[in-house]
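Scroll down for the structure; my scribbles are underneath it.
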Amino acid sequence: MLDVLGAEQAWEVPGAWVTAVRQRLHGWGHDARSLRPLRPDAFAGFAKGTPAAVWFTHQVAPLLAGWIPVLHGPYADLGAELTREFQRPTYRVGGAGHIVQIAATDWPLQVIAGAQGFREPNRRHAVEVSRDVVAMFLDAPPLAARAKALTAVFDRILADREAIHLHTTADYPAIVQYWRTSALTEAERVVLPELSGPNAALRYSLNSLRDAHAKLLMAIPDDDAGDFAQLMAGMVLAGRLSSLPPAVAQILGPAAQDVEKAFASARTGFRPQAWLSTNTDWLARAVRHDQRATARMWAAAATRVSMHLSGALNDGPWPDPQIPDLDALFRLLDRDRRPMAAVEQTEVSLSSAWDNAQPSNPAEKPKPAVLGPVDFTNDPLAELDSLVGLESVKDSVRKMVAEVKTNLRRQELGLPSHERARHMVFVGKPGTAKTTIARLLSRIYHQLGVLEKGHVVEVDRSDLVGSSTGTTAPMTAEKFREAIGGVLFVDEAYTLVPENSPGDYGLEAIATILKLMEDHRNDCIVIVAGYHREMQRFMESNTGLASRFPKLLSFAEYDTNQLVAIFELQARYKGMTYSDDVLDVVRSIIPPSPRGHNFGNGRFIRNVLEEAISNQATRLSARDPDSLTEKDLRELLPEDVRPPMSMRAEDYLFQKPGT
């Protein structure tokens, strides 16, 4: 897969196309007669005798993707992948993450420049070689438009007596000047803007960002994104520049004054990471609302301008572009492009990491991929969106995030904030992602700068309540101090006030927590969780509880379809395959609603799958191990799916839920 950020979608690179290109390069490598005049002793990083055509393929392949393209995926280092047969053993092949490419504005002329010392026939051959290399990419979708335009330019030059005479007799500066002023049509300059020179490239980059920003704002309105002037001011500040570069100001014209004003307004208290995070959140919303192409266009344009501002085009250092956060963006696009599974203990994400690629032979069934964990480390909001169901909980979390961001902005402007206490009550049955949401909230608040550490300390009654007088308060205080900078998550909090036990030590634990919440009101968030009915009794046990916990999130149990979907995701995550008949059996053993008070939801499904895998192992153990194929080891059959032996009787008691 090759994902060019400026393209509308990623390209699944056909193996046949790669083979054809490599065969063409291999043919050039053995055509000593035609290419000998263009062979230097060695190109850097390549074996001695490598033809100029092969080296040129390596150089231009990524740049046909765009002016300062960003490439991602297994073929991100496209030139190296295609020419690896000719590379020295130490040469790097392939890349991880994303690769940002950049070259001089005369990059298509590298072979022509290298042929300056040759005679006229060989200099003409340099033009022909350049044209033939570029033409290899006419059928590569993300490269085709620029390859087509550039091939047309070379074809005109080869067909024009005066133009080819210039290329075979003139010095190199005259050839470059011809390309910048006369070689391209207006339509071709739109596709290949950098070939008109540095100023034209900068103008194109700024204009494309202005257009992309306007389109994205229209599609996904966002007050934090600001107008184009505010965006440019943020980019200058994030790039740690003291002012708008003169070349940029000249191209912007009167609009530069708006940027300067926005720059002066934003520089006090400007936080680059918070600003970048805001941009990433905006792009994430665009992707979620089917504005992927617009988001990609904006990100590609922002990267180009970021590189201009960094000074990379003026022989400055090569930074890793920070605008946008390309690592976060490609994680977002990867998740959006293919379903992925992220299962954490008993709480299950709806996203999954398998590829549904179609086989080249329609009669051949695709082999399912073995999945690995999805890395949501730096994107808790994306992980939130991937969770099964819980729409009301997700909406509540988004509102809390918006509230924090708004108050942070008020503080930056010197306005009074309107913050409420952030302590929360979670109510719901087991296995409905209460613990997962607590962990996500802690990470989100840490990213926003609200919590110093962003960790979660999970406790229950046994961690807080002592067995004798004088032991409860110290135990509770120790756990609270451990949670400072993060979240204290009290599961089954109602057990701190058991019914008909007026002198229970749990009341002392509650009193201690309330006091510490007041002493560390901005340093720790307390979340208490449990069943609906029992948590209502808990909140009524102390007059100070209701006022300390202003937010209540209700976690609905999963319906049957969601539980079946969870089984599918967990099975694929474990590398197992199944048929519709297997899913029918899973559906049949899920208790109908209303389910028992202690029904495990996600835990129930996890137990069903684990039991099915165990039953499969028992079934296969009766066979000769040497006869077992990969298909046998991965396939679940309907007879493997049975109610887990470890399941509690309550899971099958169809009593009225305790809500």
Side-chain angles (χ1 to χ4, degrees), residues 5-6 66-70 98 100-102 193-194 198-217 220 222-286 294-314 316-330 332 405 408-409 412:
L5 188 55
W67 170 232
I68 315 182
V70 183
H98 63 269
V100 181
Q101 294 281 350
I102 190 170
E194 70 277 17
N199 287 338
L202 176 57
R203 184 181 302 277
Y204 163 77
S205 298
L206 291 169
N207 288 341
S208 61
L209 179 59
R210 189 201 309 266
D211 293 345
H213 193 67
K215 290 178 180 177
L216 191 57
L217 274 177
I220 309 292
D222 189 292
D223 292 339
D224 291 334
D227 58 18
F228 178 71
Q230 292 169 313
L231 170 64
M232 285 299 303
M235 295 185 76
V236 171
L237 287 167
R240 294 177 173 81
L241 300 178
S242 58
S243 62
L244 191 66
V248 176
Q250 183 178 3
I251 290 175
L252 291 179
Q257 297 180 4
D258 295 332
V259 178
E260 293 287 1
K261 291 179 182 177
F263 178 83
S265 174
R267 70 184 305 172
T268 302
F270 181 79
R271 298 189 300 167
Q273 291 304 318
W275 184 77
L276 290 170
S277 178
T278 298
N279 289 335
T280 302
D281 291 345
W282 186 33
L283 294 175
R285 289 197 301 278
T294 307
R296 294 166 69 96
M297 183 192 312
W298 185 96
T303 300
R304 286 193 294 270
V305 173
S306 175
M307 293 299 289
H308 280 282
L309 294 176
S310 72
L313 306 188
N314 299 318
W318 265 58
D320 183 18
Q322 295 295 315
I323 307 164
D325 183 339
L326 293 173
D327 286 330
L329 178 60
F330 276 116
L332 175 71
K405 288 184 175 181
L408 288 174
R409 182 59 176 161
E412 290 174 357

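Numbers for residues simply follow the sequence, beginning at 1.
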Could you tell me which non-hydrogen atom of L217 sits nearest to which non-hydrogen atom of D227, and how far apart they are? CD1-CA, 4.5 Å
When rounded to the nearest 0.5 Å, the distance separating CG of L202 from CD of E194 is 13.0 Å
Cut-off 3.5 Å, no hydrogens considered: what does the side-chain donor-acceptor table look like for residues 206-213, sequence neighbours left out?
residue	atom	partner	partner atom	Å
N207	ND2	R203	O	3.3
S208	OG	Y204	O	3.0
S208	OG	S205	O	2.9
S208	OG	R304	NH2	3.0
H213	ND1	W298	NE1	3.0
H213	NE2	G226	O	2.9

Is the NZ atom of K405 crowded by more than 12 outside heavy atoms at less than 6.0 Å? yes
Output for pair (L216 CG, L283 CG), nearest 0.5 Å, gives 6.5 Å
Can you measure from CZ (F263) to OG (S242) and round to the nearest 0.5 angstrom? 6.5 Å
With a 3.5 Å distance limit and no angle check, can you tell me whether Q250 reaches the backbone of A247 through a side-chain donor-acceptor pair? no
Donor-acceptor pair, side chain of T303 and main chain of A299, under 3.5 angstrom: yes
Indicate the atoms forming the closest heavy-atom contact of A201 with W67, along with that distance. CB-NE1, 3.5 Å
Could you measure the distance from the OG atom of S243 to the CZ atom of R267? Nearest 0.5 Å is fine. 8.5 Å
Set of residues satisfying side-chain contact (heavy atoms from CB on, under 4.5 Å) with respect to D258, sequence neighbours excluded: A229
Heavy-atom pair with the smallest gap, counting every atom of A256 and L244: CB-CD2, 4.0 Å
Contact summary for L231 and W275, nearest pair of heavy atoms: O-CZ2, 3.8 Å
Smallest heavy-atom separation, L241 atom then P245 atom, equals CD1-CG, 4.0 Å
Looking at CG of D224 and CG of D281, how far apart are the two atoms once the value is rounded to the nearest 0.5 Å? 9.0 Å
Heavy-atom donor-acceptor pair, T278 side chain to A274 backbone, under 3.5 Å: yes
What distance separates K261 NZ from Q230 CD, expressed to the nearest 0.5 Å? 12.5 Å
